[in-house]
Amino acid sequence: MSKLVLEELTKRFDNIVAVDKISLEVAEGEFVTLLGPSGCGKTTTLRTVAGFYKPDEGRVKFNERVMNDVPPVKRNTAMCFQSYALFPHMNVWDPHMNVWDNIAFGLKMRKLPSQEQKKRVSEALGILSLEGMEKRKPGQLSGGQQQRVALARAIVTQPDILLFDEPLSNLDAKLRVQVRVEIKEMQKRLGITSIYVTHDQDEALAISDRIVVMNQGRIEQVGDPQEIYLRPRTSFVAGFIGLANIFKARILGFEGNLTLLSAPFGALRVDLGRSYPIGAELDLSFRPESMSPWTGVGGNKLKGTILHAIFMGDAMDLFVDVAGHRLRARAGSAARIAAGDEVEFSIPESTFQVLE
Amino acid sequence: MRRDEFTITTLGTQTRKNLYILLAAFFILVQLVWVGLPILMTVLWSLVHPDYPWSYPQMFPEKLSFAQWRFVFRYTNIVRALKTSYSVAPLSVLLAFFLALPTAYALGRKKFAGKKLFMTLVLLPIIMPGMVVALFLSRVFTSFGLAQSFFGLVLAHTLMGLPYMIRVLTTSFEAIPQDVIDAAENLGATSFSKIKDIFLPMVRPGLLAGMVFAFTTSIEEFNLTFIIGTPTFETVPTILYSFLGYNFIRTNASVIALIMMVPNILMLFAVERILKSDYLSASLGKL
C-alpha cells in the first residue's frame, strides 16, 4: 500500500497541455475519483501514475519515492481498463488463455511459486465470486464477468495502487450499479489505495472517499462527495455535477445573519455563511431539489409559471418561468402540476452557494 | 388506397430479395465454371492415353491412362525439382518470417517519419514485373557470387515472399489493442514475455496467412529461379515452363501443373481451418 503524491504534474502532447500543474495527495487506502468531461486530463493523469506516460514537469511520488523514471513494469500498480483488456491468448500453439491464466498472469510474471499462485488466484476468484469459471475463455463471459476477471487480475498481485480507467462504461446501467458496489466493498476490504477515473457523476458520488473534479487539465475542486454536491465552488462544478440553477445577484444589505440579494427573478434572503460588501456582484447556484412548491413556512417565496412538468417516477421535474427567468425545480411525484399552472415555490435560505 | 401501397412495397422487397438470390447464384456458378473447369480440364489432359489423342469434337478423352504421369516421373527431373522446391520454400518462408517480424512490428506499432513511403517500397518487388526484377537482381547476385547457388535461390524467393509477409503482419500488429499491451506491462511483463504471450499469439492469424502467401509464391516462382538458379537448380515451375512455348506439350504440362497446384490447395484449406478457429473463438471478448 502506498500514499500517492502528485506535485505540479504537467503533461503535454504536441504543445497541447493535457494536464496542467496538478497537485494532489492521496492517503493510504483512500479511494479517490478523478471526475470530468472527456479531454479534461483525468485519463492522462491516471496513465501518468501507471507510468505509461512520462510527466513533462512535476513529480509522481509513491510514499516518498519519486517514480518519474520508473517504468510501468516496476511500479506495482494494477490497472482496470474500460475495454477489460483481458488476454485472449496463451501462446502461439495453444491460443486460448482462460480465466485462471488471465488472473495468474501477473503472478507468473513475478515468478511466484506455483503453490502461492494457486492460493492467491483461488482467493481472488472467491472475492469476486468467479468460482467455477476458471476454465472459461474471456469470449464466453458476459461483460460484467469479464470486468470481474479484470478486477481479480488486478488485485491478485497485491498492488500498491489500484487504477481504474472508466471500468464500468461498457456495462449496462443495472450492472454498472451492482459492480460499482462490488468494487467499493472490495477496495474497503483490501484497503488498497485507489484512483478511479470516470465522467459519470453518479458513479463518482457513489463510490468515492474523495472526488477531484477536473476541467481543461486543471483541478476545479477537491472534496468528499457531499461537499462536491452541496458546496460546489465553481460554476463548472455546479453545472457538471447534478443540475444547478446558476445566476448573478447583487448584494443589497443584511438582516441579522441573512444577506439580502437582488436576483434576476426577484429579491432573495440567503444565508451565505460570511459577509460581502454591499453592492458586490456574486455568482450563485442552488439545486433544483431545493426549490419546491410552497408549503406555508420559511424560505424565499417565489411565484412562477410552469413551462414543462416531467414525471420522473420518483419526482416531478419542473421547468419554471419566474419573472422571465428559467429555473429548474422539483416537486414530489404525487404533486398534480401541469404546464401553464401558476405555482408558488419556496427556496430555503441556506441552500445557496457562492461560486468563484 | 393504403392497402394497395402496402402490397406494392412488400412486392418490391420480395422481388428484390429474389433478384439478390438469383444474382448470387449466377456469380457462384460463374466462379465454379471459371475456377473449376480449368482444373477439371487439367486433370483430364493429364490422363489422356498416348495412343488415343483427345481432339474436337470429342467431349471426353476416349481412353484414360497414367502414361503421362509415368513419362514425367521417368524422363524429367521432377523428383529433384520437387526436392529443391520444397526445401527452398520453407527456408525462404523462415527467413522472410525473421526479417518481416521486426519490420512489421515497427511499421504497425511505432510512429516514424517516412513510414508511408517505406510501406510502398516494401511492395515494390511484387508490383514490378517479375522478369524485370529478375534481370537486375541476377546482375547483383552474380557480383556477390550468389547466382547458381542454393543460398542465392533461397534469398531470391525470400525477396518475393517478404512483401506479403510484411503487409499482412503489419496489419495484424496494428490491430492489437494498446490496452492489452498496457495491461501486460502493468502486470509486470518483461519484453520477452510481451513478445511470447501477447504479440506472437495475437498476430498468429496474420502470421499464418503471410506464411501461406510466401510459401505458395515460392512454390510458383519462375522468373527469379529461371535466371538465377537454372541450369544448376530446377524447380517445379521451371520444368513446367519447359513443356510450354516452343516445345508445347499440353499433356505433360498438365501433369506438372497438378503436381505444383495440389499441395498448395491442400495447404490453403488446412490454414483456413486453423484461421477460422481463431476468429470463431471471439478471443477478444465483447469489446
Side-chain angles (χ1 to χ4, degrees), chain A residues 47 49-53 71-97 101-112 136-147 149-150 153-154 156-157 159 161-163 165 170-171, chain B residues 93-94 97-98 100-101 104-105 109-113 169 172-173 175-211 270-271 273-287:
Chain A
R47 296 177 76 82
V49 174
F52 299 137
Y53 298 149
V73 179
K74 301 229 167 91
R75 289 204 181 189
N76 201 29
T77 62
M79 188 140 157
C80 289
F81 296 84
Q82 181 176 356
S83 64
Y84 319 136
L86 296 180
F87 305 128
H89 296 96
M90 183 65 156
N91 58 47
V92 185
W93 311 115
D94 166 25
H96 302 297
M97 237 191 212
D101 301 324
N102 260 284
I103 299 176
F105 187 84
L107 303 177
K108 211 178 269 167
M109 293 300 119
R110 285 165 174 76
K111 300 204 167 56
L112 258 64
R136 301 250 192 114
K137 315 281 190 292
Q140 298 170 317
L141 302 176
S142 70
Q145 287 167 334
Q146 288 191 48
Q147 192 51 273
V149 174
R153 183 178 72 180
V156 83
T157 59
I161 300 175
L162 263 175
L163 304 169
D165 187 9
N170 283 350
L171 304 179
Chain B
V93 167
L94 203 69
F97 166 71
F98 282 113
L101 203 65
Y105 172 78
R109 301 238 48 112
K110 300 282 173 204
K111 275 186 205 159
F112 57 88
L169 272 179
S172 305
F173 271 114
I176 300 175
Q178 183 62 37
D179 276 0
V180 174
I181 299 164
D182 286 346
E185 222 169 285
N186 181 245
L187 289 166
T190 56
S191 302
F192 175 71
S193 66
K194 251 186 351 198
I195 294 171
K196 182 171 92 42
D197 295 322
I198 310 300
F199 285 126
L200 273 183
M202 291 194 82
V203 300
R204 191 174 97 126
L207 199 61
L208 282 169
M211 280 176 150
V271 169
R273 277 189 83 95
I274 301 175
L275 287 182
K276 199 179 261 174
S277 75
D278 257 12
Y279 290 131
L280 280 182
S281 69
S283 46
L284 285 173
K286 288 176 189 158
L287 270 181

Problem set entry | Audit row: B/K194, A/V73, side chain to side chain contact (heavy atoms under 4.5 Å, CB included) steps and yes/no | CA-CA 11 Å; B/K194 251 186 351 198; A/V73 179; over 6 Å; no
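- Ranking B/I181, B/V203, B/L187, B/T190 against chain A, the residue ahead of the rest is B/L187, based on heavy-atom pairs under 4.5 Å.
- Interatomic distance, CZ of A/F81 versus CG of B/D182, reported as 5.0 Å (0.5 Å rounding).
- With chain B as partner, the option from A/R75, A/R153, A/K74 having the largest number of non-hydrogen pairs under 4.5 angstrom is A/R153.
- If you take CZ on A/R47 and CG on B/N186, they are separated by 9.5 Å, rounding to the nearest 0.5 Å.
- Other residues, nucleotides and ligands contribute more than 12 heavy atoms inside 6.0 Å of the CZ atom of B/F112.
- In this structure, chain B has a heavy atom under 4.5 Å from the side chain of A/T157, while its backbone stays farther away.
- The minimum heavy-atom distance linking B/S193 with A/M109 is given by the pair OG-SD, 3.2 Å.
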